[in-house]
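Numbers restart at 1 for each chain; the letters A, B, ... are given by sequence-line order, proteins then strands.
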There are 2 protein chains.
Amino acid sequence: MKKSLTIHDIAKLADVSSATVSRVLSNSSYPVSPELRQKILRIAKEYNYVPNMLGKQLKTKTSMTIGVIIPTITNLFYSSIILGVEEIARKNNYQVLLCNSFQDPALEDKYIQAMFEKQVRGLVISSISSDKRQLKHFIDMGLNVVAVDQKMGMDDVSEIDFDYYKGGHQATRHMIGKGHHRIAYVTAPLDRPSRISIHEGYLAAMKEAGLEPLVQEGGIESYSGTYEFENGKLLTRKLLGREGERPTAIFACNDMTAFGVINELSAEGLKVPDDMSVMGFDGIDFGAMMNPPLTSVLQPTYEMGRLACNMLLDMLIDSKKAETGIMLQPKLVERESVADLRG
Amino acid sequence: MKKSLTIHDIAKLADVSSATVSRVLSNSSYPVSPELRQKILRIAKEYNYVPNMLGKQLKTKTSMTIGVIIPTITNLFYSSIILGVEEIARKNNYQVLLCNSFQDPALEDKYIQAMFEKQVRGLVISSISSDKRQLKHFIDMGLNVVAVDQKMGMDDVSEIDFDYYKGGHQATRHMIGKGHHRIAYVTAPLDRPSRISIHEGYLAAMKEAGLEPLVQEGGIESYSGTYEFENGKLLTRKLLGREGERPTAIFACNDMTAFGVINELSAEGLKVPDDMSVMGFDGIDFGAMMNPPLTSVLQPTYEMGRLACNMLLDMLIDSKKAETGIMLQPKLVERESVADLRG
DNA sequence: CTGTTAGCGCGTTCAA
DNA sequence: TTGAACGCGCTAACAG
């Protein structure tokens, strides 16, 4: 194992001072004569010099690293956001420290602390922890935070928001427009802002149309990876077991849940959309691959990631305070899982 | 924005030397009197002391960070590996620097360089770049590498391998055992070890049974996220358009491709498995959610990630050389997409 | 233009 | 048991 050299080693080899080496190798704008510059560059290359960023960062107080905290990377929704974050980070020579919080507030706090210790000064987070004291403290210490997916409602936190309410409303309107009157809403626990907003959008649209809402809410969440799917199946089973007239359409809080709904319907011998219509929420790629292709509300996750990272870098570079925030708009993608009941 | 304090600040407040503070706050085994220890701990807590890891790491030459380079995080196969890596990393107080290489060798090299500069000394990688010189160089400089998914065949690189050959063989045997004779193999470009091995396993099993292989290979790969699905559709279309007798079963190189196959078959009015059987490879969760549930070869991705990270940490801590490597065994999960043609 | 010097925050000898 | 002093690798202020 070879020992890696420092600018001092290079300096000795080139018979100059380490300051000059630093100025050349760090692309400083400080003037250095062309001859020395060439010489230093040549030697650095010859000896495979690799800078030690820890030294540099300790001095300049900037770790070119941003942190990302999301519930779990195996959820396509989040991995897509991360991809967007990373693209922008890469283009600006930043790197991404990834943390899966599994929605565990303690773990979330632990990660934030660890990243702050590593001098990470920028954070993209989807947090559901309600106690923001620790985060607040780090923000006071200079941490910049952009929230995605789940809004935080904190002064110093910028938000890349999505209009979940409008999305829920729009989806419901769509089904009503197709002639559906009995529309059920099937959802994972209403324990966070995004889900609550979709739910409210649904309720509002139903009320406006003078229709009776029918909500089936899931129980405690797990992180088995197939939770949402299983939850969709379970809630559908409950829904079908209910007394009274069956709904003609089921609206699910996200696409994975919708897949579960469809699967259960199929197991019960019900065809989608002939016997029952299904509407998703997310617009993940998989929806287009299902049979039938799932009608859904598109969330521009990749774009959310890009915007979040850009906003964060702006904050880091100009050290300006939280921007006003961005509200992304939903877009309904009509595929084939919702039947037209009119005529 | 408050200024964060250093051990010197704490030292002044406690009226001791910074050395003593360091010994207490870094949990050194060095003896410090209980009184001073308590006093320092109290003050550190009171003033919300946060250590600066850059200083520590510069001194101790260890960044508690490992790097992960995979093609793209939006592929469930890889995100699941990462989750396993991160779990083990977390338990050992390491953090994960994530890089999506998009199978771009130049980007891969750039990331490796950047991580090495940040003093990352451990790397989990799924690489398809053929030029390993740069990596080799960093290994000589002290980088520890564990390869997952794609084997590298380098002396100093440990490998978490999966028996792709056996998997391909096993899957093919399974279909043959169900009475299939005309079995097509549909695959993304055979441009990397894993795919080549599955293909060879298929060929061998067919040959052993005295059957004629029928391979349909895909063209240039993109990273659209739906590439594999589209590729499955395209290849199926080509396959069905061929002259001669149709196969009774299609074996796809991975589950996403299999979903495309099924989708296309369905579009052509062919039912799975009644009119055509389909076999996948991966065993991703989604397979169980499809209709029909996909028979596939299970790869323990999460376990691969865990093993890779454990192996890496062993190398980092004991600085022992590459272990012998681990070969994970395939396991066939029979679901409902392969028909039994016998009697 | 170049070099000397002084830290960044921390851990770790070596003396006391 | 404690503290003074040094250095990890680098940049930046100041002199020359």
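- Partner A:Gln150 forms a side-chain hydrogen bond (donor to acceptor under 3.5 Å, both in side chains) with one of A:Ser129, A:Ser127, A:Ser194 and no other, that one being A:Ser194.
- Stacking of B:Arg90 on the aromatic ring of A:Tyr111 is not recorded, the 6.0 Å distance cut-off and the 45° axial limit not both being met.
- The cationic atom of A:Arg133 (NZ for Lys, CZ for Arg) does not lie both less than 6.0 Å from the six-membered ring centre of A:Phe138 and within 45° of the ring axis.
- Between C:dG3 and A:Ser17, a contact under 4.0 Å exists linking OP1 or OP2 to a side-chain N or O.
- When the nucleotides C:dT2, D:dT11, C:dC10 are ranked by their closest atom to the side chain of B:Lys56, C:dC10 comes out on top.
- Distances were taken from every side-chain heavy atom of A:Leu36 (C-beta onward) to each of C:dC10, C:dT2, D:dC10; the shortest belongs to C:dT2.
- Taking atom CG of A:Asp9 as the reference point, atom P of D:dC8 lies 10 Å away to the nearest angstrom.
- Side-chain proximity of B:Ala19 to the nucleotides D:dA4, D:dT11, C:dT2 is greatest for D:dA4.
- Listed candidates were D:dA13, C:dC1, C:dC10. Nearest to the side chain of B:His8 is C:dC10.
- Where A:Asn52 and B:Pro34 meet DNA chain D, the nucleotide closest to each residue was compared, and B:Pro34 sits on the side nearer the 5' end.
- Minimum atom distance to the side chain of B:Ser22 is reached by C:dG11, of the listed C:dT2, D:dC10, C:dG11.
- No hydrogens or angles were tested; on distance alone, a donor-acceptor pair under 3.5 Å links the side chain of A:Tyr30 to the base of C:dT2.
- Neither OP1 nor OP2 of C:dG9 sits under 4.0 Å from any side-chain N or O of A:Lys59.
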